[in-house]
Amino acid sequence: MKQDTWPELFDASRYGARPMLSIINKKERSNRYMSNCLFRTTPTSTFLYCRDFSGLPFDILTKIAASFSLSNLQTASLVCRAWRDALRPLRQAMLFLKWGKRFKHGRGGVKVNLEKALESFLKGAALGSSLAMVDAGLLYWELGNREKAIALYRKAAELGDAAGQCNLGISYLQADPPRPKEAIRWLFEASVAGHVRAQYQLALCLHQGRGVDRNLQEAARWYLTAAWGGYVRAMYNVALCYSVGEGLGQSHRQARKWMKRAADRGHSKAQFEHGLSLFSVRDINEGEMLKAGVYLELATRAGETAASHVKNVILQQLSAASRDRVIHHAESWRALPSSH
């Protein structure tokens, strides 16, 4: 799904592993494992601490493990025979998920077949895997069936899948009519679980005042959190925040640092901005001018038409050897890893 970048109204950590100890409703206690458990009651909930987790009911265990990857499922299956048996459907779901991805992307010697991909994802989803639910939802969304996509995202989200929560939140923002308050709820859930795309989308909503009161400080904090998590669009927006002092104290040094980070990870607007800032330095030497030329050449190749004029001005001022180096560096350039 398409993501926005800097909000139009601009003119110029809380992380934690999801606990394996689930909150269990009193009605769900079972005599067969109560003797192995301790209960601590708060005004709102009863927490279950098991000395022997093999006594957990299968349905609770499979809900806990719904968003596990194959490696995590295999590890959990080694705990005891009860867990091995309970998690068998989810291990089978991973096989359907694998084949679904092969059919969707034409990998592993198979041709692209979206019908078979969707069929495989749905089989994995039916076995309880929230990962398969999200992939099935993505494919439904791409095929234009938004209702079914949202239904699958919601099911995954309710199982605690951060990607499902993020996609559900974005889906509500793009719904007709939009449902921004519900979107904020799910984006926040995914954000506190560490999902960088959700953190970025939540920051946009806070920046725009969409579904929540506008809060530039909170928006900047979530941009920064997503940026530290490797999300390139957030890096670019952090640079803009620092540049004009919106939500963060104005700092041109920090702005340049984050703009370069985004540029080095392939953000075309950041490449344009960073190249322009290098060229704008007073008494610029040929080495810095060459660097500026490389970033502007990259931005031009990525479709930033405004970068082309400035790049040509720079090239005219460089020696023939330096002009050749600009083209060579641009052609051999590779983006640094990021979280997209």
Q. Under 3.5 Å, side chain of Ser191 to main-chain N/O of Ala198, donor-acceptor pair present?
A. yes
Q. So His207 and Tyr223, would you call those rings parallel, tilted or perpendicular, with 30° and 60° as cut-offs?
A. perpendicular
Q. Are any non-hydrogen side-chain atoms of Phe103 and Leu114 less than 4.5 angstrom apart?
A. no
Q) Around His328, counting heavy atoms of other residues, nucleotides and ligands shown, do more than 12 lie under 6.0 Å from its NE2? A) no
Q: Verify the neighbour count for atom NZ of Lys104: are there more than 12 heavy atoms of other residues, nucleotides or ligands below 6.0 Å?
A: yes
Q.
For Leu318, is there any backbone N or O sitting under 3.5 Å from a side-chain donor or acceptor partner on Arg323?
A. yes
(Q) If you apply the rule salt bridge (Lys or Arg N to Asp or Glu O under 4.0 Å), what do you find for Asp264 with Lys260, and how did you get there? (A) CA-CA 6 Å; Asp264 289 341; Lys260 184 179 186 303; 2.6 Å; yes
Q) How are the rings of Tyr231 and Tyr200 set relative to one another: parallel (under 30°), tilted (30 to 60°) or perpendicular (over 60°)? A) tilted
Q) Between the main-chain N or O of Trp222 and the side-chain N or O of Gln199, is there a donor-acceptor pair closer than 3.5 Å? A) no
Q. Below 4.0 angstrom, N of the basic side chain to O of the carboxylate: do Arg185 and Glu189 qualify?
A. no
Q) Going by distance alone, is a donor N or O of one side chain under 3.5 Å from an acceptor N or O of the other, for Ser277 and Arg256? A) no
Q: Using a cut-off of 6.0 Å, state whether more than 12 heavy atoms not belonging to Lys257 lie near its atom NZ.
A: yes
